[in-house]
6 protein chains.
Amino acid sequence: MRPSKRAPDELRSVSLERAVSKHAEGSCLVRFGDTQVLCTASLSEGVPGWLRGGGKGWVTAEYGMLPRSTNERMRREAAQGRQGGRTHEIQRLIGRSLRAVVDLKALGEKQITVDCDVIQADGGTRTASITGAWVALHDALAWMRARNMVGDNVLVDHVAAISCGIHQSEPVLDLDYAEDSQAGTDANFVITGKGGLVEVQATAEGTPFSEDEFNQLLGLARKGIGRLVDLQKMAVS
Amino acid sequence: MRPSKRAPDELRSVSLERAVSKHAEGSCLVRFGDTQVLCTASLSEGVPGWLRGGGKGWVTAEYGMLPRSTNERMRREAAQGRQGGRTHEIQRLIGRSLRAVVDLKALGEKQITVDCDVIQADGGTRTASITGAWVALHDALAWMRARNMVGDNVLVDHVAAISCGIHQSEPVLDLDYAEDSQAGTDANFVITGKGGLVEVQATAEGTPFSEDEFNQLLGLARKGIGRLVDLQKMAVS
Amino acid sequence: MRPSKRAPDELRSVSLERAVSKHAEGSCLVRFGDTQVLCTASLSEGVPGWLRGGGKGWVTAEYGMLPRSTNERMRREAAQGRQGGRTHEIQRLIGRSLRAVVDLKALGEKQITVDCDVIQADGGTRTASITGAWVALHDALAWMRARNMVGDNVLVDHVAAISCGIHQSEPVLDLDYAEDSQAGTDANFVITGKGGLVEVQATAEGTPFSEDEFNQLLGLARKGIGRLVDLQKMAVS
Amino acid sequence: MRPSKRAPDELRSVSLERAVSKHAEGSCLVRFGDTQVLCTASLSEGVPGWLRGGGKGWVTAEYGMLPRSTNERMRREAAQGRQGGRTHEIQRLIGRSLRAVVDLKALGEKQITVDCDVIQADGGTRTASITGAWVALHDALAWMRARNMVGDNVLVDHVAAISCGIHQSEPVLDLDYAEDSQAGTDANFVITGKGGLVEVQATAEGTPFSEDEFNQLLGLARKGIGRLVDLQKMAVS
Amino acid sequence: MRPSKRAPDELRSVSLERAVSKHAEGSCLVRFGDTQVLCTASLSEGVPGWLRGGGKGWVTAEYGMLPRSTNERMRREAAQGRQGGRTHEIQRLIGRSLRAVVDLKALGEKQITVDCDVIQADGGTRTASITGAWVALHDALAWMRARNMVGDNVLVDHVAAISCGIHQSEPVLDLDYAEDSQAGTDANFVITGKGGLVEVQATAEGTPFSEDEFNQLLGLARKGIGRLVDLQKMAVS
Amino acid sequence: MRPSKRAPDELRSVSLERAVSKHAEGSCLVRFGDTQVLCTASLSEGVPGWLRGGGKGWVTAEYGMLPRSTNERMRREAAQGRQGGRTHEIQRLIGRSLRAVVDLKALGEKQITVDCDVIQADGGTRTASITGAWVALHDALAWMRARNMVGDNVLVDHVAAISCGIHQSEPVLDLDYAEDSQAGTDANFVITGKGGLVEVQATAEGTPFSEDEFNQLLGLARKGIGRLVDLQKMAVS
């Protein structure tokens, strides 16, 4: 039995609340159970130096956690004077995931920065971030389309993410913090609406895992992501 | 007429939502109109080195703004590798304001850190922070009292804060961003429940102000803070 | 009785020594008793990016303390790799105070940076800095006028600053370090030659203060600043 | 045809040169074709604070690139004052991979730090680092065993890593830089001597990849890692 | 003819003003012509970690320049977030020079930090710093002796420093800024009262120099340092 | 007898291996006994801002040590977030030494950066760096000449460096780490092929040294540098 009492293939209660920011071109407050991430998409003219003049745009992401989003208060990265390795890792992952479903040529020489700030953490902050960031990005592009700044061909598919893990020998979907801290293997999958794999990251915590176990995790992830993409569709319709 | 259509002595709609964090010992989401600040109070054992062994506790604060809490996206302080002068100024002000109503001896050698993170900014983030931080601190102390870690004599009074300014020659209360950016003089007052002044900061933007104008601003502030303290009382009762 | 044996409304011995730097366009070594601050005004072509092309100039300030300007040696901020919050707070205050009496349009697209470096500290370094910085700025503008770079309408008034505090229940003027460390309330006033208020900062250390006490402090400050402005006039005449 | 003319399942010429450092307890210069990484394992007494007193040891890794290890000179991270996100990502991966085959209890309260410094880069620096780091770690443990500091049960298995990718629609093994920069999908696999999966990371560059493609990459990786583990065995025998 | 009109072996006017700081255990304002450096010696209990428990003390130095001590305003190192290479080089040199005439065993486990802050620069700031630092250190040790904290055997000799250079083919002593910026070779000598060499640094700016030229510079330096040591003796007597 | 058993005027075995980098325009792996430094010369278009438009080029150097190049592992400067004073000192010395034999006008507005990275340290890393950097620079200029980017008049002479010291009262050449840590005086000489002095740095560790001792060290250095220049000539011929 999972600590959360959920079935092995059961997601937590997920919600995607749009337009939560007065200022951002697109925004979404995403909840995976007690995990809450505020995603805002900000448009800026111009692109990073290495892209300038090529006619292509850029989509990037930044990630942060509020100091008491976690069980124990964490030191504020701004006060420490540097972002940690985990922060860098996650924000690069979010950016790559979004770019996998964006036609940067169709965007033109503009940049969209999606900030994912964890208001409350209970496991799965990176997967919630990607899932919510897609909604914020969608709405920023709608905002631009309404102003004739882009066509409707920039966003070419959905993308969502989910974690899976092996908890007491059983593969389970969407780990919360209690489950994650006991899990033997921890995996994150980023998959498009059409089912294409964008990113696969699986890590053994302690003993290595087998190919068979990996495939069971991937099967769970496909199920979960199908449901997340449905929720994205409902949210933006 | 104020851009906000409010009467000169009229606060924005203010709300103080308690217990918004699953993890923090005390928390409050404070709203002054469109300004939203999440305040969490975190208890830690031990005090800064220079206080150790003296039997007294410490209350401190940190302040941050989410990158797109503002109209234009700001660069993340963690990414810049340093907190700016304005951040330092504000977090020192919040800490001093709270300590003015705390008996540090009665707290004992413990530290409470109140994090004030601006989710959305529309003027008055520092005054909203102080007002909400008091609620978070109150609840953290209640949490400690329930565990017999402190008595009920740590928090000796209420404290709240409000901004005032001179807008088109008229003194007005609780400026939002549109009003603040046109105001000739900008003042912040921190006042206790019993009416004692804790902090007064008034700054001329452009032309200097007169003693008479200052006194009108102080009069408005007293009114506003009376109302804020009432709201704190309702919130924690 | 004050530790300094001074009457409640008595300033320390104040001197403003001009032209102390071989290199700076304007300079002043200001002494408030044992507090000594070296103020140098440096002209540079061009203005910060956000002002460029607008035809207006900029006046800014930086503040620092020599490591052994204080009773206990402080760690050098350059060695720590960051300026502290207090430094940021003070240098922003000095800059705002000077700009309150400068016509930036009349200055044209040039920047004057006033460095205030504390050679020896004995309380009141920020108020001494503002008072001396005005002299350095005055002389830099005179240097420019002598070269036909500006007219004589850039500096529109005097500005000076003084601290006040409540020491053993008595409001007193111009606190030295010994008085400041025992004072119940600590206030700094920045006032122009014509008597306009530029900045008011009053902070309760411990118990809050009353409106009446505040007004007594303001009264003392007016007296002190009248005297400081007289000294500035003598210095530059 | 691959740019390198290699068969799809053909590794580059790999060598593992031991004992290349006069100072380190264990060391290995690993070459995957033109990629050269110097791995040194350094023993230190004591463990990080959060492990102290638990009787367990720690194995960690750091990664760096010489400024001209790459085709274009990169700015030195020490001169920039921070390690980039990619560096953090890779050094965390190396550390996790090594810990997957170490019995930290058997190590006792000691720390081994494996530094992986890229002398010359031509693709696959992280996988070469892991493969060489195992040899350096093996030799540091042998050095300790020779001094009766540990038993022979600390290192419980081999671990090696290899990259795979889809190059012009064909899954290929061990990409060099030229191949990597054209590859549609890029994957890194970390696998133990017994065939257990330790880490799987697959990333779509551009279009998403299918489950079938992923499985072909995994098949190639298994082959390559079998060969690398053989080379490790020869090297340390 | 030197720009300064001095004879080749003529020092600038040098003064060593003692006890210029109210707070420091020892202090000296040293002037070499228009170069002015404030040297303060600060005592602290305890020594750096690597010396702890060995019964020996430590003498170290820090160096800084006020932003407008130079002809063009320099950016403040504290604002830049790092001390430059030149600063590091000079403060290490001052520390080594002082330690050459201190019996660290006789000092006991205490540290003296000498801060050398350049108030005004006109060439030779590092040599003026060393010469003045000796006086500050002398006085701090006298302060300690008066309190029976040390004996009179800590300071075993004088030490002073001077620059020399080749200006228009002629070896000259004690270069000011105008001479230094035209000099072909630039040398700094640190020599004890008894004539022992502590530090020799000679650098070709442009064309290399000959052994003969070097020996002429050393001869000049000996003369100059003899005079500086006489001035130190007069100052502390 | 020296710990190394070498005669007082005997160099360690020195080798200069060229073209060790696949990427750099010029490179050299220099060995002075067990000291190994990898020197790479990288060409970049353009010069630092303060040289722009003057038609002159720039040659600069950076220096680093791998964490376990030393007997005890050092903390990585990139992880510490700053380069230490010793690093700054050495890289400035290498840059000055190289520029002493380069006609920057003949180079034109280009920059060559020579990175000297210590693979293994056993004393004399800075002198080995300079000696090897000359070879890397030579080869980068040859690479440019082969592409008609410069003439053959850029490099006007050889330059090499060697350390000397007084070991148990005897002046000796080219100290290894064991000798260096016991030496009473430590000197580094940078001398051109024609015998001109570029840089002389001599430091007393403990007791001061005499002029006679200094001259003996210089005599040894001349001998050693003659041999090093011969080795450079053989290497590049």
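Reckoned from all heavy atoms, side chains included, excluding hydrogens, waters and symmetry mates. From a predicted model like this one, the values you see are computed outputs, not experimental measurements.
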Could you please state which residues from residues 214-227 of chain F sit under 4.5 angstrom from chain E, measuring non-hydrogen atom to non-hydrogen atom, sorted by number, or 'none'? Phe214(F), Asn215(F), Leu218(F), Arg222(F)
Closest heavy-atom pair, Val198(F) versus Pro208(E), reported as atoms and distance to 0.1 Å, is CG2-CG, 4.1 Å
Test ring pair (Phe, Tyr, Trp, His ring centres under 6.0 Å) applied to His167(E) - qualifying residues, sequence neighbours left out: none
Interchain contact, Thr203(F) with chain E, by part (heavy-atom threshold 4.5 Å): both
Sequence neighbours excluded, which residues qualify as side chain to side chain contact (heavy atoms under 4.5 Å, CB included) partners of Asp152(F)? Arg145(F)
For Glu211(E), which atoms come within 4.5 Å of any heavy atom of chain F: side chain, backbone, both, or neither? both
Identify which of Arg99(E), Arg92(E), Lys194(E) forms the greatest number of heavy-atom pairs closer than 4.5 Å to chain F. Arg92(E)
Pairs of heavy atoms under 4.5 Å with chain F: top-ranked of Ser97(E), Ala204(E), Gly85(E), Ser210(E): Gly85(E)
Most contacts with chain F, counted as non-hydrogen pairs under 4.5 angstrom, among Gln201(E), Arg86(E), Gln91(E): Arg86(E)
So which pairs with a foot in residues 47-58 of chain F pass side-chain hydrogen bond (donor to acceptor under 3.5 Å, both in side chains), sequence neighbours left out? none
Just how far is it from atom OG1 of Thr207(F) to atom CG of Leu197(E), taken to the nearest 0.5 Å? 11.5 Å
